[in-house]
Amino acid sequence: MTTYTFPQPRPLPDAAPRTAYLLASGDLRESANVAGWPAQVAMEQAVTAAFADLGWTVVRANGVDPDTGHGFISSQRMGFDVFAGVPTDAPVIVAEAVWQYSHHVLGGLRTHRGPILTVANFAGEWPGLVGLLGLNAGLTKMGRDYATIWSVDFTDEWFRAGLREWVETGRITHDDSHVRPLPELPGVSEVGLGRALGAELLRDKAIIGVFDEGCMGMYNAIFDDEVLNRAGIYKERLSQSALYAEMLAVTDAEADAAFDWLVGAGMTFRFGEDPATELTRDQVQWQLKMYIAALRIADDFGLDAVGIQYQQGLKDLVPASDLAEGILNSTDRPPVFSRDGRRELQAGRAFPHFNEADEGVAVDALVTDRVWSAMGLVPDNTLHDVRWGEEYDGRFVWVYEISGSVPASHLGGWRNAEGWRQNPVFFPAGGATINGVSRPGEVVISRVFLAEGVLQVDLMRGSVVELPDEETRRRKEATNPEWPIAHVVLHDIDRDQFMARHKANHAQVVYAPDAETADRALLAKAAMFDAIGIRVHLAGRVAV
């Protein structure tokens, strides 16, 4: 008789009444987990105290690892192991004070049967808000119900009322009255232009080149071919090893020429001598080789846009990709020639790059580039992290930041751009940012996301405003001073409306010369999105 070894059922713990299990998704980079742990501890203490005031107990789902000194879930495998000890129908709190890799916990959350609450501290020092929005977008993509909330100090009545609602109902009600479906569009030239551009995209198709998907665990940033193809967009799956190989083939003379062009255009670099903590000329040389290599590979494959993962794939091998990305997104940039030197590649135009291989940004950048170019506008656009914000002079001013990849035109030109070394905590190989302050002006802000199995987009208007130098310095020092910053005021969308609705850690930003032109460009963009089958939502005050 054959004997088989059957797996033994694992006993499941019982859920205690009025008890929630708290866990925290962390980084894959242990340096970031260790550095951010004190902020996480302070946040968890405040959240636990707020639940205690409601008569609830909060139990940490896993303890602090004595070897690492922190309690973050730092891998997908660890996430599964932690969830194995959580009662399957217990309330779960995912608390985030820092950036986190969503895939560490999404697998466990997908099959968990109890109510889920995501919560973050509304602070700038660590990108917990960015992590929260990325996690929420991942839950939205997978169709998992969840509640979400945030607070500066976890004592305000708005936050406390939200917790009371969650412990009683498993839900938190947020105001989304600022969002509405796209109405019937008027018969104006901008609508006709958007529809014509959409028909062209569906007919002729576009290719986005992805140098490895899944940057930093961003499940929300990966779109299946089935949904992209319906919009006329196809993927060319590329390897970052091929990008590195092409970088090795770029000559020093070619990189030197690009560097000389940037310096001649007015960009400055804060160079030092210690590559472990300071920016060096050699780091910038590698970044410029990446810029040239990316354009050559794009030319090889006939790409319409390109995205580089960088984290985690290249972070231990070459300096940061941000300088290369920002140059690509700039109409005014160093010329790049084919390998034989006979052709200038993508001459006279920005070449859309979707930072962190975020495919929602890829779709948005592709549409923006075509609409703005057809309208005779400067199409330079970029993503920003939705980082933080505070009231200033009677209005809420957001801090939008990204790790250095803005186009120079957003800063008012290369003369306003400085190269600072990336933070060693996140970027061990260094590399320059394109640091600066985004110029004041009218902008269109958007986000393409996946929900209910279809591509959707929120379109809104905003203004980048100028703040006093002292306030700008304070905000940069409160976040990442080496990164470029935009002071953003949204039109008729308050802080909590935006946070509750926005389905991504990123927002896409593009300038227009004035408010009237921005309104017309938004209308054309909405029409193009609609023409390629993307569900359009208008948010706040827009002239549609």
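Note that the structure is a prediction, hence the values are computed from the model and not measured.
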Would you please test Asp304 and Arg370 for salt bridge (charged side-chain N to carboxylate O under 4.0 Å, His left out) and show each step?
CA-CA 10 Å; Asp304 296 275; Arg370 294 186 180 206; 3.3 Å; yes
Where do Asp380 and Thr331 land on the side chain to side chain donor-acceptor pair (under 3.5 Å) test, with the steps shown first?
CA-CA 6 Å; Asp380 303 1; Thr331 300; 2.5 Å; yes
Side chain to side chain contact (heavy atoms under 4.5 Å, CB included), that's the test. Do His502 and Phe449 meet it? Break it down for me.
CA-CA 9 Å; His502 198 66; Phe449 60 96; over 6 Å; no
CA sep, side-chain torsions, deciding dist, call: Asp299, Arg339, salt bridge (charged side-chain N to carboxylate O under 4.0 Å, His left out)
CA-CA 10 Å; Asp299 184 59; Arg339 296 178 188 86; 5.8 Å; no
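Tyr101 and His104 have parallel rings, their planes meeting at less than 30° on a 0 to 90° scale where 60° marks the start of perpendicular. In this structure, His384 and Tyr400 have tilted ring planes: the angle between them lies in the 30° to 60° band.
In this structure, the side chain of Gln100 does not engage the main chain of Gly26 through any donor-acceptor pair within 3.5 Å. The backbone N or O of Val425 lies less than 3.5 Å from a partner atom in the side chain of Asn423, making a donor-acceptor pair. In this structure, the side chain of Arg296 engages the main chain of Phe337 through a donor-acceptor pair within 3.5 Å. Distance alone, capped at 3.5 Å, places no donor-acceptor pair between the Trp372 side chain and the Ala512 backbone. A donor-acceptor distance shorter than 3.5 angstrom exists from the side chain of Asn33 to the backbone of Asp27, with no hydrogens or angles considered. A donor-acceptor pair is defined here as one N or O able to donate and one able to accept, closer than 3.5 Å; such a pair exists between the side chain of Gln283 and the backbone of Pro275. Although no hydrogens or angles enter the test, the distance criterion places a donor-acceptor pair under 3.5 Å between the side chain of Asn229 and the main chain of Ile233. Put simply, the side chain of Glu359 never gets that close to the backbone of Val210: no donor and acceptor are under 3.5 Å apart. In this structure a side-chain-to-backbone donor-acceptor pair under 3.5 Å is missing from Glu482 to Thr433. With hydrogens and angles ignored, the 3.5 Å screen pairs no side-chain donor or acceptor of Ser330 with any backbone N or O of Arg333.
The side chain to side chain donor-acceptor pair (under 3.5 Å) test with Arg447 singles out one residue from Asp358, Asp458, Asp364, and that residue is Asp358. Leu132 pairs with exactly one of Thr118, Val386, Val94 by the side chain to side chain contact (heavy atoms under 4.5 Å, CB included) rule, that one being Thr118. Screening Leu139, Asn505, Thr140 for a side chain to side chain contact (heavy atoms under 4.5 Å, CB included) involving Asn220 leaves a single residue, Asn505.
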Validation: residues 346-354 side-chain donor-acceptor distances under 3.5 Å, sequence neighbours left out:
{"unit_1": "Gln346", "atom_1": "OE1", "unit_2": "Arg349", "atom_2": "NH1", "d": "2.6"}
{"unit_1": "Arg349", "atom_1": "NH2", "unit_2": "Asp369", "atom_2": "OD2", "d": "2.9"}
{"unit_1": "His353", "atom_1": "ND1", "unit_2": "Asn355", "atom_2": "N", "d": "3.3"}
{"unit_1": "His353", "atom_1": "NE2", "unit_2": "Ile308", "atom_2": "N", "d": "3.2"}

Review item, side-chain donor-acceptor pairs of residues 434-442, under 3.5 Å, at least two apart:
{"unit_1": "Asn435", "atom_1": "OD1", "unit_2": "Lys476", "atom_2": "NZ", "d": "3.0"}
{"unit_1": "Asn435", "atom_1": "ND2", "unit_2": "Pro481", "atom_2": "O", "d": "3.0"}
{"unit_1": "Ser438", "atom_1": "OG", "unit_2": "Ile485", "atom_2": "O", "d": "3.4"}
{"unit_1": "Arg439", "atom_1": "NE", "unit_2": "Ser409", "atom_2": "O", "d": "3.2"}
{"unit_1": "Glu442", "atom_1": "OE1", "unit_2": "Arg461", "atom_2": "NH1", "d": "3.2"}
{"unit_1": "Glu442", "atom_1": "OE1", "unit_2": "Arg461", "atom_2": "NH2", "d": "2.9"}
{"unit_1": "Glu442", "atom_1": "OE1", "unit_2": "Ser463", "atom_2": "OG", "d": "3.1"}
{"unit_1": "Glu442", "atom_1": "OE2", "unit_2": "Ser463", "atom_2": "OG", "d": "3.0"}

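Under the side chain to side chain contact (heavy atoms under 4.5 Å, CB included) criterion, Leu317 pairs with Tyr244, Leu314, sequence neighbours left out. For Asn416, there are no side chain to side chain donor-acceptor pair (under 3.5 Å) partners at least two apart in sequence or on another chain. For Glu273, the side chain to side chain contact (heavy atoms under 4.5 Å, CB included) test picks out Glu278, with sequence neighbours left out.
Here the side chains of Met267 and Glu418 are not in contact, with every heavy-atom distance at 4.5 Å or above. At a threshold of 4.5 Å between non-hydrogen side-chain atoms, the residues Glu236 and Leu303 count as touching. Looking at heavy atoms from C-beta onward, Val306 lies out of side-chain contact with Ile208 at the 4.5 angstrom threshold. With contacts defined as side-chain heavy-atom distances shorter than 4.5 Å, the pair Leu243/Leu238 does not qualify. Contact check for Arg495 versus Trp398: side-chain heavy atoms found under the 4.5 Å cut-off. When side chains are defined from C-beta on, Gln240 counts as touching Gln309, because their heavy atoms get closer than 4.5 Å. Between Lys503 and Asn136 the shortest side-chain heavy-atom distance does not fall below 4.5 Å. The closest side-chain heavy-atom distance from Lys315 to Arg29 is below 4.5 Å.
For residues 267-291, every residue pair satisfying the ring pair (Phe, Tyr, Trp, His ring centres under 6.0 Å) rule, not counting sequence neighbours, is listed here: Phe259-Phe269, Phe269-Phe271.
Looking only at atom types and distance, the side chain of Ser403 has a donor-acceptor partner in the side chain of Asp322 under 3.5 Å away. Looking only at atom types and distance, the side chain of His487 has no donor-acceptor partner in the side chain of Glu466 under 3.5 Å away. At a cut-off of 3.5 Å, with distance as the only test, a side-chain donor of Glu401 or Thr479 sits close to an acceptor on the other residue. Asn381 and Gln508 share a donor-acceptor pair across their side chains, judged by distance under 3.5 Å alone. There is a side-chain donor-acceptor pair under 3.5 Å between Ser338 and Asp340. Trp483 and Gln422 share a side-chain donor-acceptor pair at under 3.5 Å. A side-chain N or O of Glu30 and one of His70 form a donor-acceptor pair less than 3.5 Å apart. Counting only N and O atoms by type, the side chains of Gln285 and Asp256 include a donor and acceptor under 3.5 Å apart.
The 12-atom threshold is not exceeded at CZ of Arg342, counting heavy atoms of other residues, nucleotides or ligands nearer than 6.0 Å. Few gaps surround CD on Glu344; more than 12 heavy atoms of other groups in view lie less than 6.0 Å from it.
Taken from CG in Leu262 to CG in Leu323, the straight-line distance is 6.5 Å, to the nearest 0.5 Å. Put simply, CE on Met460 and CG on Leu538 are 10.0 Å apart, with the number rounded to the nearest 0.5 Å. Note that CZ of Phe427 and CD of Gln311 are 5.0 Å apart. Values are rounded to the nearest 0.5 Å. Summarising the geometry, atom CD1 belonging to Ile327 is positioned 9.0 Å from atom CD1 belonging to Ile292; distances are rounded to the nearest 0.5 Å. Once rounded to the nearest 0.5 Å, the distance linking CG of Asp212 with OG of Ser239 reads 5.0 Å.
In this structure, Lys141 satisfies the cation-pi test against Tyr219, with its NZ or CZ atom closer than 6.0 Å to the six-membered ring centre and inside 45 degrees of the ring normal.
One finds no salt bridge joining Lys289 and Glu246 here, because no Lys/Arg side-chain nitrogen approaches an Asp/Glu carboxylate oxygen to under 4.0 Å.
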